[in-house]
Amino acid sequence: METPHPTLRFEKLPLQTERLRLRPCLAADAQALFEIHSDPVVMRYWNSPAWTSIEQAHEAIEHDAKALQNGDCLNLGIETLEDARLLGRCMLFKISRPHRRAELGYCLDASAWGKGYMSEALRELIDYGFTHLRLNRIEAELDPRNAASKKILERLGFRHEGLLRKRWIVNGKISDGAIYGLLRPRWRDTRTERPT
Ligand SMILES: CC(C)(COP(=O)(O)OP(=O)(O)OC[C@H]1O[C@@H](n2cnc3c(N)ncnc32)[C@H](O)[C@@H]1OP(=O)(O)O)[C@@H](O)C(=O)NCCC(=O)NCCS
């Protein structure tokens, strides 16, 4: 039997990058979050349908706050430093302490795409995962048709590890899951390769 681990504490939050702050979502973010997750363009490759009620935003915010408190999942809103606008979310979930791994997820309002925001946010979150959470591996799953997401992961140093066929059924449509992984040594290399 595995030794139980003490509750994981997410210290040193919020996180900050050149243009962004990554911080837990609050009740006041419900409308902005709903607008993001109810957009069929944003949700095209998501593994659950677009939201149809603002209640879903309130439930997600409450769920994330509890998960943060319990050390189960680090789910952060992404806001601009310039005008504190909530642009999206990024998360480390399915955190396994014994195996020192977690899964990465992310989404951004369509009006903010193509400006490098998500790459900037994920770099910070991944650094946090490998340093503060002492992870050994971060994994991600995406719809193989999701070209923007694939590009981000490859740029961050993730490697394609395999394909899980016909893994999802969302709104009656079946899709595959492409699995990507980033290991600690590779992350260290990408850090030294980054321009200062
Ligand atoms: C995936 C997503 C987060 C990308 O956010 P973003 O801030 O636009 O990402 P970035 O600007 O950092 O990088 C995106 C890169 O993909 C490229 N790209 C965008 N659409 C593309 C397409 N259809 N084909 C190929 N490349 C594409 C961009 O040009 C950019 O590369 P570049 O910087 O070399 O020009 C955003 O599109 C999104 O939220 N999508 C919906 C939710 C989602 O699919 N999440 C992932 C689930 S696994």
Side-chain angles (χ1 to χ4, degrees), residues 15-23 25 29 31-52 56-57 60 64 73-95 101-129 137-171 173-182 187 190-191 193-195:
L15 306 179
Q16 196 164 308
T17 68
E18 201 185 324
R19 295 178 294 171
L20 305 168
R21 180 179 297 109
L22 312 186
R23 48 109 181 135
C25 285
D29 297 313
Q31 184 59 35
L33 213 54
F34 176 66
E35 279 165 26
I36 296 167
H37 280 276
S38 60
D39 181 349
V41 174
V42 173
M43 299 296 275
R44 180 167 175 210
Y45 298 120
W46 207 252
N47 61 7
S48 57
W51 292 356
T52 52
Q56 290 171 280
D64 294 348
C73 169
L74 178 60
N75 198 325
L76 299 173
I78 302 170
E79 74 175 12
T80 52
L81 288 180
E82 195 183 15
D83 55 7
R85 180 182 159 221
L86 191 82
L87 298 180
R89 292 200 294 167
C90 57
M91 59 220 76
L92 284 171
F93 63 109
K94 291 193 188 161
I95 299 172
R101 65 170 141 74
E103 194 166 331
L104 181 72
Y106 42 90
C107 74
L108 201 64
D109 189 84
S111 66
W113 290 4
K115 296 175 183 158
Y117 282 132
M118 194 50 85
S119 302
E120 186 174 324
L122 293 183
R123 212 166 268 133
E124 194 65 24
L125 183 64
I126 289 168
D127 280 355
Y128 185 89
R137 167 187 169 84
I138 296 180
E139 52 201 36
E141 180 180 354
L142 57 81
D143 186 315
R145 297 169 298 176
N146 192 345
S149 188
K150 187 172 162 199
K151 184 144 189 197
I152 287 188
L153 290 180
E154 286 171 351
R155 184 189 288 148
L156 291 168
F158 281 74
R159 299 257 164 87
H160 182 232
E161 296 180 339
L163 185 74
L164 303 180
R165 295 172 303 157
K166 315 252 179 268
R167 186 149 193 260
W168 302 98
I169 306 178
V170 180
N171 289 333
K173 291 190 182 133
I174 303 180
S175 59
D176 297 338
I179 305 299
Y180 283 74
L182 176 62
W187 161 71
T190 61
R191 276 185 118 193
E193 285 161 15
R194 277 182 218 166

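Just follow the structure's listing: the first ligand is 1, and inside any ligand the first atom is 1. Residue numbers start at 1 and run along the sequence shown. Since we're looking at a predicted model, the values are computed, not measured.
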- prompt: Are any of the side-chain heavy atoms of Glu18 and Glu124 separated by less than 4.5 Å?
  reply: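 Contact flag for Glu18/Glu124 side chains = no.
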- prompt: Would you say Ser119 and ligand 1 have an N/O pair spaced under 3.5 Å apart?
  reply: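 Yes, at least one N or O pair falls under 3.5 Å.
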- request: Ignoring angles and geometry beyond distance, decide whether Gly116 reaches within less than 3.5 Å of ligand 1 through its nitrogen or oxygen atoms.
  value: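 Gly116 vs ligand 1: N/O contact under 3.5 Å present.
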message: Can you confirm whether some protein heavy atom lies under 4.0 Å from atom 46 (C) of ligand 1, or whether none does?
response: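 So far as the 4.0 Å threshold goes, atom 46 (C) of ligand 1 is in reach of a protein heavy atom.
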Heavy-atom protein neighbour under 4.0 angstrom from atom 29 (O) of ligand 1: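 Under the 4.0 Å cut-off, atom 29 (O) of ligand 1 has no protein heavy-atom neighbours at all.
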Which value, rounded to the nearest 0.5 Å, describes the distance between [X] atom [atom1] and [Y] atom [atom2]?
| X | Y | atom1 | atom2 | result |
| --- | --- | --- | --- | --- |
| Arg155 | Leu122 | CZ | CG | 10.5 Å |
| Ser175 | Leu142 | OG | CG | 10.5 Å |
| Thr17 | Tyr117 | OG1 | OH | 9.5 Å |
| Leu182 | Arg101 | CG | CZ | 14.5 Å |

Which protein heavy atom lies closest to [atom], and at what distance to 0.1 Å?
| atom | result |
| --- | --- |
| atom 19 (C) of ligand 1 | Ala148 CB, 3.4 Å |
| atom 39 (O) of ligand 1 | Leu108 N, 2.8 Å |
| atom 3 (C) of ligand 1 | Met118 CG, 3.6 Å |
| atom 36 (C) of ligand 1 | Trp113 NE1, 3.4 Å |
| atom 42 (C) of ligand 1 | Val42 O, 3.4 Å |

query: When you look at CD of Glu82, are more than 12 heavy atoms from neighbouring residues, nucleotides or ligands closer to it than 6.0 Å?
result: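 Open: at most 12 neighbouring heavy atoms sit under 6.0 Å from CD of Glu82.
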- request: Mark the output for Lys150 as yes if a heavy-atom distance to ligand 1 is under 4.0 Å, and as no if none is.
  value: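 The answer is no, since Lys150 has no heavy atom less than 4.0 Å from ligand 1.
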message: Taking a cutoff of less than 4.0 Å between a non-hydrogen atom of the residue and any ligand atom, is Arg155 in contact with ligand 1?
response: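 In this structure, Arg155 qualifies as a contact of ligand 1 - some heavy atom is under 4.0 Å.
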Salt bridge (Lys or Arg N to Asp or Glu O under 4.0 Å) evaluation trace for Arg44 with Asp143: CA-CA 10 Å; Arg44 180 167 175 210; Asp143 186 315; over 6 Å; no
Whether Asn171 side chain and Lys173 backbone form a donor-acceptor pair below 3.5 Å: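 No; judged by distance alone, with no hydrogens or angles, the pair does not exist.
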So if I count the atoms of ligand 1 from 1 in the order they appear, which ones are less than 4.0 Å from some heavy atom of [X]?
| X | answer |
| --- | --- |
| Leu142 | 48 (S) |
| Glu141 | 48 (S) |
| Gly114 | 6 (P), 8 (O), 11 (O) |
| Ala147 | 22 (C), 23 (N), 24 (N), 25 (C) |
| Tyr117 | 7 (O) |

message: For Asp143, which part has a heavy atom under 4.0 Å from ligand 1: side chain, backbone, both, or neither?
response: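 The answer is neither.
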- request: Could you see which bit of Tyr106 sits under 4.0 Å from ligand 1, with heavy atoms only: side chain, backbone, both or neither?
  value: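 Under 4.0 Å from ligand 1, Tyr106 contributes backbone and side-chain atoms.
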field: Check: Ser149/Tyr106 side-chain N/O donor and acceptor closer than 3.5 Å
entry: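 A pair is found: one side chain offers a donor N or O, the other an acceptor, under 3.5 Å apart.
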message: My understanding is that we take every heavy atom of each candidate and find the minimum distance to atom 43 (C) of ligand 1. Doing that for Leu156, Ile36, Ile152, Asn146, which one comes out nearest?
response: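 It is Asn146 whose heavy atom sits nearest to atom 43 (C) of ligand 1.
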field: Option with minimal heavy-atom separation from atom 35 (O) of ligand 1, where the choices are Lys151, Glu154, Arg89
entry: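 It is Lys151 whose heavy atom sits nearest to atom 35 (O) of ligand 1.
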- prompt: Using 30° and 60° as the class limits, which term best fits the ring planes of Trp51 and His37: parallel, tilted or perpendicular?
  reply: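 Ring orientation of Trp51 relative to His37: parallel.
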- prompt: Only one of Ile138, Thr190, Leu92 clears side chain to side chain contact (heavy atoms under 4.5 Å, CB included) with Ile126; which?
  reply: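 One option only clears the test, and that one is Ile138.
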message: What I want to find out is whether Glu161 reaches Arg137 closely enough, with some N-O distance under 4.0 Å, to be called a salt bridge.
response: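 Judged by the 4.0 Å cut-off on N to carboxylate O distance, Glu161 and Arg137 do form a salt bridge.
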